[in-house]
Amino acid sequence: MNRCLQTPEILQLICEQLPIDRHKDRGRLFAVALSCRALLEPGLDRLWYRIQSFIPLIANLPSDLWNIEYKVASNGPKNTTFSVLGLRRAITSVDLDRFMTYYAQRIREVELYALKSTFSPEAWQALQIATKWEHGALSPFAHTVVWPMTAAAQLGLSKEAVDQAFPYLSLFLGPRASSLHFEFGCDTPIHVASMRSAPNIPSAVKQLELKVNGSHTTAFVCNYLKSFTWENLEVLCVASLSTDAISHISALPRLTTLELREQKKLPNHYRYDWPKDLDEPPAHLAAMSATAFPSLGSLKIFGQPVSVEAFVQQLPANNHLHTLKCTLKSDSGLGVDLESLLITIRLHCHVDRLRKVVIKGIPPTSPVGESIVARFDDGVNLNCIRDFTNLETLDINLPKTTVNLDEHDIVNVSKSFPQLRKLKIDTDVHDSRIPLIDHEDLLNLIYCCAHLKKLGLRFDATRITGEEKAPKKYTKPTALEKLWVGDSPVYWPEGIAKFFQVHCPKLRGQNIILVNLREKFSDTTPIMLYLRRWNMTKDLLHSAAVLAEL
């Protein structure tokens, strides 16, 4: 063996790169561990890094312990069975000695999805007795514990088996656990009692994700969060927060990332008067604590537009937020008041710190109908966010609301956002209107924004000939690598391919993305002709790139 490969640290690093997600990956890793003595320990460390079922524990206990009973899973496909391990005799510390000595201390992640085997209540209790009720005894060095014990998450088990297993998370939740993901029902008493009494959750956790099912999920989660100080919490993912829970969470000193999967309506929602409220902040804005959310850098929020906007209004204007992602759902079928949300963002985010803004809707599952009557210049004014001069990503795509950029918007974007790396607007949904910008506006944008690598715009490409020159004072090609064109009208694929070869040499055919149509159109309709021409353009660019590499 090469001398370098005799160094334990190098062997450890090599084994840490081997995949462990699939069953065959683990089989290969086991073969690696047994291939020579030097690879045994680092190979076993990697093999046991993550456990995804109780099988590794069962396999290392004496077979005469178990009385195995097979039951039908009530949650999964028909006739799916799972095994329940009951006891033939008591579990002793000697029975656990092999597992505890050689394997338990190697476990770093416990992720128990899609279980097909579990223990009876008597067997669970016996494991606790044999480990002397020590918290985390079966994985004392695990830093990540994923415990999704609900009928929806465990389709291979019955609800009864899931409920019986939930309280024994303490066997895997040790003092080093810092990343926790729990799925449970707030209407199930044993789940609630287990969560409230689980050790180490409030004091040690840095990342916490709660997925709660039941009739009063928001109330339970908020009361639970308010019950502890969470002084080390850095990442929090829950469905929704109430006003008093927001007040509690806003005081956490280390919270850097907050994700709300379905924010409910808050009692206070303000309608701002732009630009008056920028010069004369309203009373509630001036009265906000300057120390709220002291470390928050990333906010991801999903919900009705009013709920999302109301939550953003809880942020003090001097916050440290650099990333804001809003996913809006609208049950009314109407458009979103995007301009109101943008004004709120301007008043509640620091102009020097915000780097990334993403505002998107839920991808429609059915065709999005357009109004019979439409004005060519209807759109959304982006002037209120022009002060975010350090913005690197601006992504706005909503099913029923379009920004509808014009040439003045392109000039303003070029001047206001010199650090822009990604701009993507109005490319995810079909719009029958002709875009107000054309290839000349596109050229001005990609040359003025020197860092722009990803761009999504609807633009009129019908007059491209392939002979277009770069704007004056620019001699180098652009940095563009990816382009979303949506349903942009286009006529001549060869001219467009030449256009991109000259001005965007890093752009490859496979990186031109078209709109994903939900409607069905005849092949001879304009939109289908546009898409066929764009696909021809992609093929021409791909062929040119292949020839250039020969």
Side-chain angles (χ1 to χ4, degrees), residues 20 23 26-27 29-30 33-34 40-71 82-149 154 156-157 161-180 182 190 194 197-201 204:
I20 56 174
H23 180 72
R26 303 177 71 85
L29 185 54
F30 185 61
L34 296 179
L40 179 61
E41 288 301 315
L44 288 176
D45 285 343
R46 183 60 177 164
L47 186 64
W48 283 86
Y49 184 87
R50 179 189 303 135
I51 61 169
Q52 297 172 297
S53 72
F54 301 129
I55 298 299
L57 171 61
I58 296 169
N60 283 279
L61 294 176
S63 59
D64 66 339
L65 277 174
W66 311 118
N67 180 23
I68 303 177
E69 181 182 1
Y70 293 93
K71 296 185 176 182
F82 66 97
S83 58
V84 179
L85 280 72
L87 290 179
R88 290 180 178 175
R89 62 173 178 83
I91 301 175
T92 66
S93 58
V94 175
D95 296 325
L96 285 169
D97 186 60
R98 180 187 176 193
F99 176 79
M100 302 291 284
T101 302
Y102 294 105
Y103 305 117
Q105 297 186 25
R106 302 178 193 267
I107 299 172
R108 297 295 181 269
E109 296 180 357
V110 179
E111 295 185 2
L112 301 176
Y113 281 108
L115 293 175
K116 297 180 181 179
S117 299
T118 185
F119 299 102
S120 68
E122 183 185 21
W124 280 118
Q125 293 167 13
L127 285 170
Q128 279 196 323
I129 294 171
T131 56
K132 300 179 180 179
W133 289 273
E134 180 183 349
H135 298 309
L138 299 182
S139 55
F141 292 96
H143 55 71
T144 299
V145 177
V146 180
W147 198 259
M149 292 299 173
Q154 300 294 348
L157 303 180
V162 169
D163 291 344
Q164 289 170 350
F166 192 91
Y168 298 96
L169 64 91
S170 61
L171 284 165
F172 300 90
L173 186 59
R176 297 177 185 242
S178 60
S179 178
L180 308 179
F182 296 127
I190 192 64
S194 301
S197 62
N200 304 315
I201 291 181

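As the structure is a prediction and not an experimental result, all values here were calculated from the model.
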So, does Q154 use its side chain to make a donor-acceptor pair with the main chain of A114 at under 3.5 Å? yes
Among all residues two or more places apart in sequence or in another chain, which pass the ring-ring contact (aromatic ring centres under 6.0 Å, His included) test with W66? F119
All ring-ring contact (aromatic ring centres under 6.0 Å, His included) counterparts of Y168, not counting sequence neighbours: W124
How far does CG of L87 sit from CG of N67, to the nearest 0.5 angstrom? 9.0 Å
Sorted by chain and number, sequence neighbours left out, side chain to side chain contact (heavy atoms under 4.5 Å, CB included) with E69 holds for K71
Hey, what do you get for OG1 (T131) to CG (L171), rounding to the nearest 0.5 Å? 5.0 Å
Checking R26 now: which residues fulfil salt bridge (Lys or Arg N to Asp or Glu O under 4.0 Å) with it, not counting sequence neighbours? none
Applying side-chain hydrogen bond (donor to acceptor under 3.5 Å, both in side chains), can you list everything that pairs with S53, at least two apart in sequence or on another chain? none
What are the two closest heavy atoms between R106 and D45, and how far apart are they? NH1-OD1, 2.5 Å
Tell me, please, which residues at least two apart from F82 pass ring-ring contact (aromatic ring centres under 6.0 Å, His included). none
Find the distance between CG (L47) and CG (L40) and round it off to the nearest 0.5 Å. 10.5 Å
side-chain hydrogen bond (donor to acceptor under 3.5 Å, both in side chains) against S117, all qualifying residues, sequence neighbours excluded: S83
When rounded to the nearest 0.5 Å, the distance separating CG of L127 from CD1 of I91 is 4.0 Å
Going from CG on L57 to CE on M100, what distance comes out if it is rounded to the nearest 0.5 angstrom? 9.5 Å
Exercise answer: donor-acceptor pairs, residues 137-148 side-chain atoms, under 3.5 Å, sequence neighbours excluded:
| from | atom 1 | to | atom 2 | distance (Å) |
| --- | --- | --- | --- | --- |
| S139 | OG | F172 | O | 2.8 |
| H143 | NE2 | Y49 | OH | 3.3 |
| W147 | NE1 | F166 | O | 3.2 |

Please enumerate all residues that pass salt bridge (Lys or Arg N to Asp or Glu O under 4.0 Å) together with E134, with sequence neighbours excluded. none
In short, side-chain hydrogen bond (donor to acceptor under 3.5 Å, both in side chains) pairs touching residues 93-104 with sequence neighbours left out are N60-R98, R89-D95, T92-D95, D97-T101
For atom OH of Y113, is the number of surrounding heavy atoms from other residues, nucleotides or ligands below 6.0 Å larger than 12? yes
May I have the step-by-step check of side chain to side chain contact (heavy atoms under 4.5 Å, CB included) for I68 and V84, ending in yes or no? CA-CA 6 Å; I68 303 177; V84 179; over 6 Å; no
With sequence neighbours left out, what residues match E109 under side-chain hydrogen bond (donor to acceptor under 3.5 Å, both in side chains)? R50
Side chain to side chain contact (heavy atoms under 4.5 Å, CB included) between L180 and L173, intermediate numbers included: CA-CA 9 Å; L180 308 179; L173 186 59; 3.4 Å; yes
4.5 Å side-chain heavy-atom contact, I58 and L65: no
